[in-house]
Amino acid sequence: MSDETITVLTGDRPTGPLHLGHYAGSLAQRVEMQKGDGRIFIMVADSQAYTDNIGDTSKVSAAIPELVADYVACGLDVERCTIFLQSAVPELAELTQLFMNLTSVTRLQRNPTIRDEIKKRGFENSLPMGFLSYPVAQAADILGFRATHVPVGGDQLPMIELAVETASKINRLAGRAILPEPTVVLSRVERLPGVDGKAKASKSLGNAVFLSDSPAEVKRRVQMMFTDPDHLKVSDPGKVEGNVVFSYLDAFMTDRERLADMQAHYRRGGLGDGSVKKELVAVLEELLAPMRERRPDPVAGRDFCLQVLREGSVVARDVVAGVLSEVRAGLGVLTL
Ligand code: ATP
Ligand code: MG
């Protein structure tokens, strides 16, 4: 990408360490995009994390600098990207408050990702307002930077749809194009499954290979992965579809020819799960070993990570303050 009019906004909730699902779904794209001329904003979404962790803020506090360490480990360049803390940009909260008036409660209740997450968190009978409305805040995060591109996993599609809708409502009310309608950038791997065979590897479920895992942990988690339950003997023909080990190979193996050979061999029989898992461990190590080298020390590097956020948040505030005043003016809101 070489267009300097590109603005990227994306981020993660500081609820635990990042995993391979994040890498495949979003981080790898960010690392690629930072090579272009566009502006890249990466948000540590602490306010969003509080929507379902308000009783456990110490977990979020600990995860904040660790998330920045994960970014550095992945190869995100703190000089090229503006990495900031959501709650350190209060203008985003003000924009959220305005946007709340443009979306109905039923519209949010219909959001399939939210419905899923409500069930997962047992919020059916007591749904925090902040949680239900976090997609509105997410629209503010995206539009507050006039983001044109949002690299996220497939679960975020309904959120981006709401951001597009909100931009178009603001523009209509203002009678001019104040906010660009953002485009979602989906990676080839929209949703990496969990090592336990669940549809999505997720921080909260802990069913993932984490970017900070040691070689022994990586090996252990690969050993846990589901394969084809009917592939009992090595000579049995096996299924590649729905086989977690092959899903991971498909996501991370760069030698596509070798992968195609392995898939064909497994399908016709004669390739054991042990050999496939061994190959996967090697593929993952190739990806994760350089990340271990780049990772700031969890203790000594903590201040550096917080300083990255402090500096990024000053830059981010400046950008969002400008957009907020334009939105207010566009809506005809009186400013004293
Ligand atoms: P939580 O369980 O706390 O919601 P999470 O694992 O879903 O955590 P988020 O911080 O909500 O992680 O998501 C950050 C980004 O990573 C989003 O763009 C999301 O779509 C993407 N992502 C998360 N898990 C996966 C996955 N398994 N496959 C592909 N993308 C993913
Ligand atoms: Mg999530």
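Below, each value reflects all heavy atoms present in this structure, side chains not excepted, and no hydrogens, waters or symmetry copies. For the single chain, residues carry numbers from 1 onward in sequence order. As the structure lists them, so they are numbered: ligands from 1, and atoms in each ligand from 1.
Across L186, V152, D155, heavy-atom proximity to atom 20 (O) of ligand 1 is greatest for D155. Ranked by closest heavy atom to atom 12 (O) of ligand 1, the top entry among R13, H19, H22 is H22. Remark: among candidates K203, K198, Q48, R191, the nearest residue to atom 6 (O) of ligand 1 is K203, based on non-hydrogen atoms.
The shortest side-chain heavy-atom distance between Y266 and T227 falls under the 4.5 Å cut-off.
Every atom of ligand 1 with a heavy atom of S202 under 4.0 Å away is listed here by number and element: 2 (O), 6 (O). The D12 neighbourhood of ligand 1 comprises atoms 10 (O), 14 (C), 15 (C), with distances under 4.0 Å to a heavy atom of that residue. Below 4.0 Å from some heavy atom of G25 lie the following atoms of ligand 1, by number and element: 29 (C), 30 (N).
In terms of polar-atom proximity, defined here as any N/O pair under 3.5 Å, G21 does make such a contact with ligand 1. For the pair P151 and ligand 1, the shortest N or O to N or O distance does not fall below 3.5 Å. Between A201 and ligand 1, at least one pair of N/O atoms sits closer than 3.5 Å. Residue K200 places at least one N or O, backbone or side chain, under 3.5 Å from an N or O of ligand 1.
Ring-centre distance between F145 and F84: below the 6.0 Å cut-off.
Between the N171 side chain and the A177 main chain, no donor and acceptor come within less than 3.5 Å of each other. Proximity of a side-chain donor or acceptor of H22 to a complementary backbone N or O of H19 within less than 3.5 Å is detected.
Using a cutoff of 4.0 Å between basic side-chain nitrogens and carboxylate oxygens, R302 and E66 are not scored as salt-bridged. E94 has a carboxylate O that lies under 4.0 Å from a charged side-chain N of R328, or vice versa, which qualifies the two as a salt bridge. Between D155 and R191, none of the side-chain N atoms (NZ, or NE/NH1/NH2) sits under 4.0 Å from a carboxylate O, so this pair counts as no salt bridge.
F210 and L192 fall into different hydrophobic clusters, where Ile, Leu, Val, Met, Phe, Trp and Tyr side chains are chained together by heavy-atom contacts under 4.5 Å.
Counting heavy atoms closer than 4.0 Å to ligand 1, residue R121 contributes side-chain atoms (C-beta onward) but none from N, CA, C or O.
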